[in-house]
Amino acid sequence: MRLAVVCYHSCPMARLGERDAGGMSVYIRSLAQGLGKQDIQVDVFSRRHDSTDPFIVEMGEGARLIHVEAGPPEAEKTDIAEYLPTFIENVESFVAEEGTEYDLVHSHYWLSGPAGIALSKTWNKPHVATFHTLAEVKRQARSGLEDPAERSSIERWVAAETDAIVVSDRHERDFLARLYDAPPEKVAVVPGGVDIELFHPRNKEEARARLGLNGDKVILCVGRLDPLKGIDLALGSSALLEDRGHVKVVIVGGDLEKDPEAQRLQDLADALGISDRVRFEGAVPHDELPWYYSAADLLMVPSYYESFGLVALEAMACGTPVVAARVGGLPSLVKDGETGYLVPWHCPEPFAERLEVLLAHDDLRDHMGQAAFLRAQGMAWEAVVQQFATLYEELISRGVAAREAV
Ligand code: UDP
């Protein structure tokens with residue numbers, strides 16, 4: 001089997017935790033590498049974003065990343081839609097020149113959808129779309145206001161034209177049906193996974209010594225510095241803790257020089273009088289993160305929306321309980337009262353209450369951390385890759401005729 005994967009707007013091998021490189025990049029990378037190991041050839045096509053990058057990058061056994069010219073490399077995500085036709089043309093001529101034949105096209109994110117559909121039509125092969133996030137859902141979470149007006153109509157068009165849609169959680173299938181009229185039978189639910197070889201518990205004392213975090217209780221937040229992540233709630237709730245003088249809040253992710261959100265959050269920490277208790281780390285290499293999760297007493301995910309919430313699963317795999325907002329895919333990962341807590345309100349007080357309980361009770365934390373670890377063991381990437389391989393096979397054997405039948 002040979003797959004063409006389209007990830008137009010962000011390079012899956014880019015530095016994580018900055019700009020647009022987050023869970024989606026990890027997802028595409030892990031899936032391509034996992035499929036490659038199973039003898040499924042994968043080519044990921046992404047817009048060239050750095051003129052110094054090689055044209056073709058080996059992602060691992062059987063998986064290549066191809067940087068396709070389309071507009072100036074430094075163009076911002078908000079300005080790249082106009083280069084889509086060039087991108088499609090350049091992919092088509094590269095593929096024709098190489099003489100490669102693909103069995104299926106899988107596109108990621110709304111900007112890649114039209115490219116995926118165009119390529120699948122040219123090659124007469126089935127197309128699968130994964131949106132990762134949807135404009136209408138973000139809007140309901142009072143975020144995504146900066147999204148271009150055409151985003152939802154393009155998503156609606158892709159949902160209608162594609163052969164199948166993959167989502168990570170059932171709630172997204174409901175959203176697609178309700179907000180985009182996508183027929184539920186077209187939507188496959190394949191939960192994401194975690195690399196349990198990388199994310200496993202490390203010795204807490206060693207992890208703390210390594211990160212210079214000895215002596216305090218540690219609340220950790222990990223993610224791109226995007227208002228959607230609700231880091232303001234992490235700061236607001238930490239400021240309410242009775243024992244806040246002995247608590248450190250460690251915030252991993254973002255470009256501290258360039259992200260406007262970094263300054264806003266630092267100002268907020270100042271205004272709350274806790275700036276000496278908050279450490280902004282900036283983006284941390286992915287394979288360093290197990291040390292952070294292991295050093296932390298808990299991970300906080302106070303996001304306004306998460307389609308899946310990979311960082312919660314990574315922390316769980318490291319044996320760390322999670323206090324999360326009850327939104328999107330998080331309730332499928334975090335079991336309230338078992339592997340952490342789910343908070344249904346987006347205000348600091350109820351978060352602070354849950355933080356107090358967990359930070360004050362070592363046994364409870366250990367118990368929940370162990371339950372979180374066990375739960376994460378059932379969500380390793382290998383199983384996800386297997387589900388995708390089966391889905392692809394099914395779609396390939398149905399062929400494009402199914403497109404008309406749905
Ligand atoms: N991440 C990282 N370094 C950072 C910040 C984040 O490697 O400094 C990774 C993190 O480990 C996770 C992903 O980025 O795998 C974020 O995924 P999530 O689904 O939580 O958020 P998204 O970015 O998709 O909104």
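Counting starts at 1 for both ligands and their atoms, following the listed order. Residue indices begin at 1 and follow the sequence shown.
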Where does [X] meet ligand 1, judged by heavy-atom distances below 4.0 Å: at the side chain, the backbone, both, or neither?
X	value
V26	side chain
R224	side chain
E314	side chain

Listed once per pair and sorted, the salt bridge (charged side-chain N to carboxylate O under 4.0 Å, His left out) pairs that draw on residues 298-320, sequence neighbours left out: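 Found K229-E306.
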
What's the shortest heavy-atom distance between A182 and I165, and which atoms?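 Reported closest heavy-atom pair: CB-CD1, 4.2 Å.
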
Are R151 and E155 close enough for a salt bridge, meaning some N to O gap below 4.0 Å?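 Salt bridge flag = yes for E155 with R151.
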
Would you find a donor on one side and an acceptor on the other, under 3.5 Å apart, between the side chain of K204 and the backbone of A296?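 It does hold such a pair.
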
What do you reckon, does [X] have a nitrogen or oxygen under 3.5 Å from a nitrogen or oxygen of ligand 1?
X	value
V252	no
L310	yes
V311	yes

Enumerated ligand 1 atoms positioned under 4.0 Å from heavy atoms of A283: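 Answer, ordered by atom number: 8 (O).
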
Check ligand 1 against G253 and write out every atom of the ligand that is under 4.0 Å from a heavy-atom position of the residue.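 This gives 8 (O) as the contact atoms.
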
Ligand 1 contacted by K229 (non-hydrogen, < 4.0 Å):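 In this structure, K229 qualifies as a contact of ligand 1 - some heavy atom is under 4.0 Å.
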
Before we go on, tell me: are the rings of Y180 and W157 under 6.0 Å apart, centre to centre?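 Centroid distance Y180-W157: not below 6.0 Å, so no.
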
Are any of the side-chain heavy atoms of L299 and V222 separated by less than 4.5 Å?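 Yes - at least one pair of side-chain heavy atoms lies under 4.5 Å apart.
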
Side chain to side chain contact (heavy atoms under 4.5 Å, CB included) against E382, all qualifying residues, sequence neighbours excluded: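 Checked E382 against side chain to side chain contact (heavy atoms under 4.5 Å, CB included); matches are A380.
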
Nearest non-hydrogen atom to atom 1 (N) of ligand 1 belongs to which of L313, L289, L198, L225?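 Among L313, L289, L198, L225, the closest heavy atom to atom 1 (N) of ligand 1 comes from L289.
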
